[in-house]
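Read the numbers this way: they start at 1 and go in the same order the structure lists the ligands and their atoms.
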Amino acid sequence: MPELNRLLKNVGLPGTRQMANRVAGQTEIIDLTLGQPDFPVPQAVRDRVMQAVDNEPMKYSHNRGMMELRKAITDFYKDKYTAEYEPSDEVIVTNGGSEALDTIFRTIINPGDEVIMPAPVYTGYEPIVTMLGGTAVLVDTTETGFIPTAQKLEAAMTQRTKAVLLNYPNNPTGAVYPKGTVASLVELFKRHDIFIVVDEMYAENTLDGEHHSFTSYPAIKDRLLAVNGLSKSHAMTGWRIGWLLGSAEMIEKLTLVHLYNTLCASMPSQIAALEALTGAADAPAEMNAAYKERRDYIYRRLVNMGLETVLPEGAFYIFPSIKGYNESSFDFAVELLEEAGVAVVPGAAFSEYGEGHIRISFATGMENLEEAADRMEKFLNGKKR
Ligand SMILES: Cc1ncc(COP(=O)(O)O)c(C=O)c1O
């Protein structure tokens with residue numbers, strides 16, 4: 001067997017998948033590992049695609065995506081965040097947020113470069129950087145409510161820092177950055193010549209207050225790369241559709257990387273995305289009403305169980321501490337699964353800074369959450385602290 005890419009040795013299956021694979025097909029288990037909405041795709045989106053498949057040619061689009069869709073995306077950013085992006089040359093439609101992230105890092109990373117990431121951190125980032133010969137530099141946010149501070153990010157910067165990668169609402173913690181945090185980070189980024197990559201995949205799933213986007217700050221536009229998509233907002237995980245925004249100068253380069261990977265995003269999904277942004281713009285608010293009810297319920301139950309828990313203000317995850325039990329998050333999660341039939345993701349899946357926590361997804365119905373909380377409470381009552 002010829003040798004494979006050596007950098008692959010440093011990459012394994014994400015911890016989230018490992019746990020989900022363990023419970024797949026076991027009906028008696030309540031699965032709270034899920035990283036995807038449990039709602040159907042909005043009807044208007046499905047209708048539009050069915051009609052398009054029958055009547056439209058579905059050839060390749062422009063490498064950066066259909067013009068109408070790019071315009072809908074830049075209009076959305078203008079309306080929501082007063083962000084000025086040109087549909088012609090400041091946006092690329094991608095095959096999901098994942099492809100957007102991959103395209104960004106393949107465009108900016110040279111071997112030896114460092115990317116600063118607040119942690120606990122989404123499982124999808126570090127492998128991309130590692131596979132390019134770069135290094136993820138994790139910054140602990142556990143002492144500050146899972147929100148990074150400008151001081152801590154600055155302290156992690158070195159001559160090799162190429163970018164900072166931020167994600168909020170956050171997976172796995174549900175943390176949302178207040179406006180003051182975003183403003184103070186903008187001031188920091190003005191002083192350092194690095195890229196700012198922001199993953200806003202859960203922006204539409206902000207449950208309290210509003211999302212404050214870095215795209216609202218023209219002063220850093222030349223180095224800002226923003227990722228978003230419809231996987232979470234419109235329950236369209238399997239449709240693989242997202243986008244990235246950047247300055248015209250950056251998008252020119254990013255387009256090369258994107259096009260030699262995939263030519264263009266899937267056309268049926270581009271048509272679906274256009275409908276989602278124009279004809280189903282209210283879908284996230286409807287889902288959020290349910291997420292909020294579930295979030296409040298599970299938060300209350302976890303606190304009553306004596307678990308230290310930060311109230312998540314966005315996404316559909318809650319990240320309680322299990323530090324009182326003096327065992328690894330992996331052992332805790334396996335016991336919870338085997339003894340109580342509740343599957344969660346061990347916090348260690350999200351880096352060493354997630355250790356001592358578990359991630360519970362509330363992208364599941366209230367009945368499931370109630371039963372899971374009852375089972376978990378019984379499990380904890382029988383456990384030594
Ligand atoms: C923070 C974050 N970014 C990106 C993604 C990937 O998004 P997509 O399904 O659009 O590729 C996910 C999926 O779970 C996520 O949680």
### Task
Could you name each residue pair satisfying side chain to side chain donor-acceptor pair (under 3.5 Å) that touches residues 332-348, not counting sequence neighbours?
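Every side chain to side chain donor-acceptor pair (under 3.5 Å) pair that includes a residue of residues 332-348, provided the two are not neighbours, is Glu335-Lys383.
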
#### Entry: Partners meeting ring pair (Phe, Tyr, Trp, His ring centres under 6.0 Å) with Tyr81 (sequence neighbours left out)
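For Tyr81 the ring pair (Phe, Tyr, Trp, His ring centres under 6.0 Å) partners, ignoring immediate neighbours, are Tyr77, His211.
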
### Message
So if I only count non-hydrogen atoms and take anything under 4.0 Å from ligand 1, which residues does that give, chain by chain?
### Response
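Residues near ligand 1: Gly96, Gly97, Ser98, Tyr122, Tyr125, Asn167, Asn171, Asp199, Met201, Tyr202, Ser231, Lys232, Arg240.
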
### Query
Under 30°, 30 to 60°, or over 60°: which ring-plane class applies to Tyr125 and Tyr122, parallel, tilted or perpendicular?
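Rings of Tyr125 and Tyr122: perpendicular, over 60°.
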
### Message
For Lys152, is the NZ atom crowded, meaning more than 12 foreign heavy atoms sit under 6.0 Å from it?
### Response
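Above 12, so yes.
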
### Task
Output all residues satisfying salt bridge (Lys or Arg N to Asp or Glu O under 4.0 Å) with Lys292, sequence neighbours left out; order by chain, then residue number.
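Once residues adjacent in sequence are excluded, the partners of Lys292 under the salt bridge (Lys or Arg N to Asp or Glu O under 4.0 Å) criterion are Asp208.
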
### Message
Please tell me whether Glu90 and Ser247 have a donor and an acceptor in their side chains that are separated by less than 3.5 angstrom.
### Response
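On atom types as modelled, these side chains do not qualify, holding no pair under 3.5 Å.
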
